[in-house]
Structure formats: structure tokens, C-alpha cells
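The sequence lines fix the lettering, A, B, ..., with proteins before strands; numbering per chain opens at 1. Just so it is clear, the values below take in all heavy atoms, side chains as well, and ignore hydrogens, waters and symmetry mates.
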Amino acid sequence: EAGVVQSPRYKIIEKKQPVAFWCNPISGHNTLYWYRQNLGQGPELLIRYENEEAVDDSQLPKDRFSAERLKGVDSTLKIQPAELGDSAVYLCASSSLQGSGNTIYFGEGSWLTVV
Amino acid sequence: GQNIDQPTEMTATEGAIVQINCTYQTSGFNGLFWYQQHAGEAPTFLSYNVLDGLEEKGRFSSFLSRSKGYSYLLLKELQMKDSASYLCAVQGGSYIPTFGRGTSLIVHP
């Protein structure tokens, strides 16, 4: 079974430029998460989707970040414009069950460096 | 909200046993996860506890005490490849896992 797929794996951009990340969750997983992880820290939730509906986006900086999950499968996370402090790993994850044992599975991550 | 605390770094010797502790405060509780994360890689699932007690899975075991807000991950027969960051994550009332900062484990010969 294929895992969570993310692209690009690495991205270096200049500040004020836009960037987009793509995620394909595990087949059949209706819940999709975007986390951000800074060096030496644990992942922090940005947004969670149940199918195509964003059900928790309180931590998403909405002035520059946006996300969508059209058709309830693939998702994209966009930053426009990027700032130096956005340099981090952006992790996509998915799970299949809300409730006990809601194990989430992560993709390899998209490593963003803003210069 | 949730507050999760775990040591920043631990060192241990190959072949030994190490225990990584995690304490938490949460409004609502629906389970605790442990993940392993090697440098430059994504976190991978190790264990899930929702009831008090010990869950054993090969060389790794995880313990939970809900009344104390406490969990530990026990690694036996340490190998060099066990050098990684170990993340404790608590699933609160919203069923969204919130992660701690992670414990960096260094295994030396």
C-alpha cells in the first residue's frame, strides 16, 4: 500500500515569493492534516480536513497561508508571500478513523528554505 | 489546551535499556502516541495507548497512567539505529494529536 506522498521534497525560495506544496494521502483516508515542524521541535498542526471540509484551521496564518482539498483527496498548501520565518518542514499526514486509535501516518515532508 | 513535557536529550549505550518519559496535561483524553523520527525523515508510528498499563511490541514497550498524566517509552537491547528523536503525542477531546518537542536519543557503542 502506498504511503502519504508529498512534493516537492525540497524547495528554496527568496522571501516574498510564493510556494505551494502538494499531498496525496493514503487511499481511503478521509482525514488529512498539514503540520509544520521547526528544527528541534515537534510537529504543529496547521489545518485538518475531514473529506473536503476544513474542520480545524485555527493555527493557520490566514494572511499568507491557504489550503484546499478539492474532491476530498489530494491537498495543496500555499504560502504567499513567504517570509524568512516560514523555513520549516511541512508534513502532510492522513488517517482513516476519527476516534480511538486514530493513528496518523506522515509523508516524507516538504523542506522549505526561505532566503 | 494541552501541555506535553519530555526530556530534550538522552544518551545510552548499545545493548542497554532506556526509558523516555512524557508527562501531559490535557482537556479530554483519547489516547497517547509515540512516534520515532530519524534525522531528515518523517515521524513513524511506534505505539498507541488509551488504557492504563503496558503495551509491548518487540523491543519497544509503552506505558500509560491516565490518572498521573504520564507515559513512558521503554527501549530494550538498544541498537545504533535507535538513535533518533522520539515524539510523544496526546490525542485530546478533539481527536487531533498534539505533539511534544521530542526527545533526541543518542546511542553510543
When rounded to the nearest 0.5 Å, the distance separating CZ of B:Phe99 from CG of A:Leu91 is 8.5 Å
Name the region of A:Leu45, side chain, backbone, both or neither, that has any atom closer than 4.5 Å to a heavy atom of chain B. side chain
Top of B:Gly31, B:Gly102, B:Pro43 for chain A proximity - count of heavy-atom pairs under 4.5 angstrom: B:Pro43
Minimal heavy-atom distance between A:Glu108 and B:Ala42, with the atoms involved, is CA-CB, 3.9 Å
For the residue pair B:Ile96 and A:Tyr35, what are the closest heavy atoms and their distance? CG2-OH, 4.1 Å
All heavy atoms of B:Tyr35 vs all of A:Ile104, minimum pair found to be OH-O, 2.6 Å
Between CD of A:Gln37 and CG of B:Leu87, what distance do you get to the nearest 0.5 Å? 6.5 Å
Does any backbone or side-chain atom of A:Gln6 lie under 4.5 Å from a heavy atom of chain B? Answer side chain, backbone, both or neither. neither
Is it the case that more than 12 heavy atoms not belonging to A:Leu84 sit under 6.0 Å from its CG atom? yes
More than 12 heavy atoms of other residues, nucleotides or ligands under 6.0 Å from CD1 of A:Ile12: yes or no? no
So, the part of A:Asn38 with a heavy atom under 4.5 Å from chain B: the answer is neither
Determine whether the aromatic ring centres of A:Phe106 and B:Phe33 lie less than 6.0 Å apart. no
A:Gln59 atom CD, neighbour heavy-atom count above 12 within 6.0 Å: no
